Amino acid sequence: MSIYDSLNEQQREAVFHTEGPLLILAGAGSGKTRVLTHRVAYLIEEMGVNPWNILAITFTNKAAGEMRERVDKLVEYGAENVWVSTFHSLCVRILRREIEYIGYDRNFTIYDADDQKTLMKDVCRQVGIDTKVYKERMLLSVISSAKDEMLTPDLFEKQAGGDFNQLKIAKVYREYEKQLHANNALDFDDLLLKTVQLFETQPEILNKYQERFRYIMVDEYQDTNNVQFRLVSLLAGKYENLCVVGDDDQSIYKFRGANIKNILNFEQVFPNARVIKLEQNYRSTKTILDAANAVIRHNLGRKDKTLWTENEEGEKIHFSQFDTAYDEAEFVVGDIKKRVGSGMGTYQDYAILYRTNAQSRLFEEKFVTAGIPYKIVGGVNFYARREIKDLLAYLKTIDNGRDDLAVRRIINVPKRGIGLTTINRVQESAQARDIGFYEALQGLDLIPNIGRGASKLESFVALIEHFKLRVEELSISDLLKEIIEETGYIEVLEAEGKEEAEARIENIDELITKVVDYEDSCEEEPTLSGFLEEVALVADLDSLDENADYVVLMTLHSAKGLEFPYVYLAGMEDGLFPSYMTITADSPEELEEERRLCYVGITRAMKDLTMTCAQRRMVRGETQYNKTSRFLKEIPSELLSSGQKVGLFEKKQEEKKENPYFQAKKAFQAKPFSGASSYKSPYNSYGAGGVGFQKGKAFGTPKSGGLDYKEGDRVRHIKFGEGTVQSIVEGGRDYEVTVEFDQVGRKKMFAAFAKLKKVQ
DNA sequence: AATGCGATGCCTTAT
DNA sequence: GCATCGCATT
C-alpha cells in the first residue's frame, strides 16, 4: 500500500511522468493539487531527486502555503527544501541576490498600483502631459502590456512608427522607467521582466538557476502571461523537466495579460510534451457539474473535454430573482442563517461570490444586522490604506533612502509645516543636480530660496537619520513603535477624535501585530527589507483562515482554486455579469472570458448552488434595471428549481438611512462581527503630549506596570472578539500578550495597542 | 500653509 | 455613492 494507490489512473500517470515536458489539463475539482503534491513526493522519494532541485510555482501565496503544507505531510523528510513560491516572490528572491548585475541596488523597493499612479502623475507633469487627456490608468496599462511583451522604451518607440499618440506614450514610458530606476524601485511587472532580463544577459547566472531548478512545476498555467512564459522557458530550457497544470476553461485573467495560447500551444512549443487530461471531478454533485458543462459548452475554441463525476445527483440549483439588490442580500443572508440553524453545516461552509467588489456592501450590512460572522476578501487592500501606507513609507525611507516617493509622502505627515512650495524647491534642486530627493535634503545649504523651510527640513532629516541608527538596535516592531511615538502619528489621529480616526488607529495596531507575526514566523533573520517585501506581495486572499467560522464573501476572480459546500452566486444580471463593458464591447472573446468566470463560479460549489439576481440595483448612485444574466439561460431548466420571483416592496429604503451602522462604517471592512456596535475605545484619556508607550497607563492599561487581566483570563478585543489569555511576557517597553481567540485563533499582540478588556 | 468646498469622474476583475 | 482634485478662503 503506497500513497499513490489512492490516485486514479490519469493522476498516477501524471505523477509518474517525471522526465521531460508534461501538460496536465486538469478540469475543475479533478484533484490537481493532489497530483502536484504527490508528484513532488514521488520525485523525492522514488526518483531520488534532491528536494533542493524542485521548484513549484503558484499564483497566490495562499496556494503556495497550502501546497507547502500538503507536501510537508506527504514527504517524510527534505520537503522544506523544495521551493514553493509565487512567480513574484520567486523573482524577488532571485533579484535580491543578483539584481546588481543589471544596475539596481539589492534593497530595491516594490511599487504597488497606488505608488505607480503617484509616480505616473509626477511623470506626466514633467513631460508636460495633461492627465485629463491621457489618463494615468490608461498610460500605466499600456506600459504594463509593453512590459509584458518585453518592449523597452526604445523598442516601444520604434514600434510606434510615426503615430503621434504612441510616440507620446513612449516618452512617458521612458521617463517612468527613468524615475523608477532613480528611486531604486521596481513595479510588479518589473519583478518578472527584470528577472528575465537578468537571465538573458547573464548566461552564467541563468545556468546557475537552471542547475538549481531541475524539476519545475507551474500551477494555474492558463493564467501565465508572456513574461512568465518566457521566465519558465528560460529556467526549464536546460533540462526541460517542466510540468504545467492548467485548465483553459478557467482562464480568467486576460485583462492582466494572461495568454491562453501558453496552454493551447504548449505542445507546439515543446514538441515532445506529454499531455494528460484529468476529467473526473471529485468536488461537485452531478447537477452542479451538468450546469457548469452546459454553460461552458457555449464557448468556442477550447480544448475538448468533458468533466464527469461519480458523485450523487444532489439538489437542484436554486434560482430567485428579486426586486432590488437589498432584497437579494436579505434573502441570501437569511437563507444562510436558516440553513445553518437547521444543521446544514457551519458558517465556514458558505461563500457568496459576485462579479464586483462593490456588491459586498449590501451583504455586509445584512450580515451585521443579522449578527452572522463574515469575512470580505479583497476590495481595498489592508496595505493600501492611508495610515498603513504612511507608516510603511517611513520604513521604506529608512530602508532605501532613494525611494523619493516614500520620502515625499511622509515629509509633511504628520503635518510639520513643510509646504508644497518648499517641497518643490527641493525637488527642483535635486533634479538640477541629478540627485535623489532625500540626498538633496541632506545638503540643504545648496538649495536656493528655502529660507524659512530649512529648519523644519533639517529636523525631518535628523528624525530619519535617528531612525536609521536605531535600525541596528531595535526589532522591526520596536522601530515601528518608535516611529509612531516620535512622529506622534497616533496622537494626531487621536486629536481628531473622529470615528474614522479610531478605526485608523485600529489598523495601525493591526499593522504592529503583522510585524510581530512576521518576526515570529520568519524563517531567516527578520529584516526590514524582508518585511516590506512580504507586505508588497501579499494578497488579501492570503489571509483566509479555514479554521475560523465565518461566511466568506469575495469576487469570482478571488474564488478560483477554492471550494465551498454551499455557494451563492449573486448578481446574475446582464450588465453586471456579464459586465456592461463586455456586452457593449461586442467582442466574443471578452464575453467568453466572462463565461469562463461563470464556469469557475459554478464549479466552486460542492453540494449546493444558489443563484440570485435583482431587477434593479443602485450602481454608482444611479438605479439600473437589469435582465437576468444570459449565462443563467444557458443552464437547462431541468437543473433549476423554482425560479420564482420574490419581492419585498419599497420599505427598505427608509431603514437604510436610519441604520446607525451606516455612519459607523465607512471604508473599513473585515470588521468585527462580534462587536460591531461597541466601538468605544479606552483612548479617551490620552492627549497629554509626548506620552511614551512604556507608560501603559496612557494607553488604557490602568495600573502602571500592570494589566487588569492575567493568564487564563477571558478578554475581549475590539476586532478579534473574545478569547483566553495564554501568556503575558514582559518585553522591553511593553507587555507581549498571547491570546487564543474563539473566532480567529491565536494572536500575539502588545498590550499597549491591543486594548484588551477583561470579561467576567 | 491648512482648511473647506464644490466639481468631477469613475470601478470590473488583481499579483 | 464616493473619493479625489483644484480652487478659494483664512
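All of these numbers come straight from a predicted model, not from anything done at the bench. Order of the sequence lines fixes the chain letters, A, B, ..., with proteins taken first and strands second; residue numbering starts at 1 for each chain.
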Side chain of A:Thr422 - closest among B:dT15, B:dA1, B:dT3: B:dA1

Separation of B:dC11 C1' from A:Lys117 NZ (nearest whole Å): 11 Å

Sugar-phosphate only, base, or nothing, as touched by A:Thr555 at under 4.0 Å among non-hydrogen atoms: sugar-phosphate

Using a cutoff of under 3.5 Å, can you pull out all pairs of nitrogen or oxygen atoms linking the protein to nucleotides 5-10 of chain C, with atom names and distances?
{"from": "C:dC5", "atom 1": "OP1", "to": "A:Lys121", "atom 2": "NZ", "distance (Å)": "2.4"}

Side chain of A:Arg620 - closest among B:dT13, B:dA1, B:dC10: B:dC10

Short side-chain to backbone donor-acceptor contact, A:Arg604 and A:Val600, under 3.5 Å: yes

N or O in side chain of A:Asn357 less than 4.0 angstrom from B:dC11 OP1/OP2: no

Nucleotide nearest A:His557 (side chain, heavy atoms from C-beta), chosen from B:dA14, B:dC11, B:dT15: B:dA14

Sugar-phosphate only, base, or nothing, as touched by A:Phe255 at under 4.0 Å among non-hydrogen atoms: base

Rounded distance in Å - CG (A:Leu556) to P (B:dT13): 11 Å

Touch class at under 4.0 angstrom, heavy-atom based, for A:Asp112 against every strand present: nothing

DNA chain B: 5'-proximal contact among A:Lys415 and A:Met581 (nearest heavy atom): A:Lys415

Side chain of A:Thr356 (C-beta onward), nearest among B:dT15, B:dT13, C:dG1: B:dT13

Spacing between A:Leu576 atom CG and B:dT13 atom C1', to the nearest angstrom: 12 Å

Length of the line joining A:Leu353:CG and B:dT13:P, which is rounded to integer Å: 15 Å

A:Asn225 CG - B:dT15 C1' separation (whole Å): 10 Å

SB check A:Lys147 A:Asp187 (cutoff 4.0 Å): yes

Interatomic distance where CZ belongs to A:Phe188 and P belongs to B:dT15 [whole Å]: 8 Å

Of all pairs that satisfy salt bridge (Lys or Arg N to Asp or Glu O under 4.0 Å), the ones with a partner from residues 405-420 of chain A, not counting sequence neighbours: A:Asp122-A:Arg408, A:Asp390-A:Arg409

Phosphate contact (B:dT13 OP1 or OP2) by A:Ser579 side-chain N/O below 4.0 Å: no

Touch class at under 4.0 angstrom, heavy-atom based, for A:Tyr580 against every strand present: nothing

Which nucleotide in B:dT15, C:dC2, B:dT13 has an atom nearest any side-chain atom of A:Arg361: C:dC2

Length of the CD-C1' vector between A:Glu593 and B:dA14, whole Å: 12 Å

Atom-pair distance (CZ on A:Arg137; P on B:dA14), nearest Å: 13 Å

Option among A:Asp189, A:Asn226, A:Leu193 that satisfies the side-chain contact (heavy atoms from CB on, under 4.5 Å) test with A:Asp148: A:Asn226

Spacing of the P atoms in B:dT13 and C:dT4 (rounded, Å): 16 Å

A:Tyr374 and A:Phe363 aromatic centres sub-6.0 Å: no

Touch class at under 4.0 angstrom, heavy-atom based, for A:Lys135 against every strand present: sugar-phosphate

Expected output: side-chain A:Ser429 to main-chain A:Arg425 donor-acceptor under 3.5 Å: no

Position toward the 5' end of DNA chain B (nearest nucleotide), A:Gly417 or A:Leu597: A:Gly417

Short side-chain to backbone donor-acceptor contact, A:Thr582 and A:Glu590, under 3.5 Å: no

Shortest non-hydrogen contact between A:Lys32 and A:Ala26, atoms and distance: CB-CB, 3.7 Å

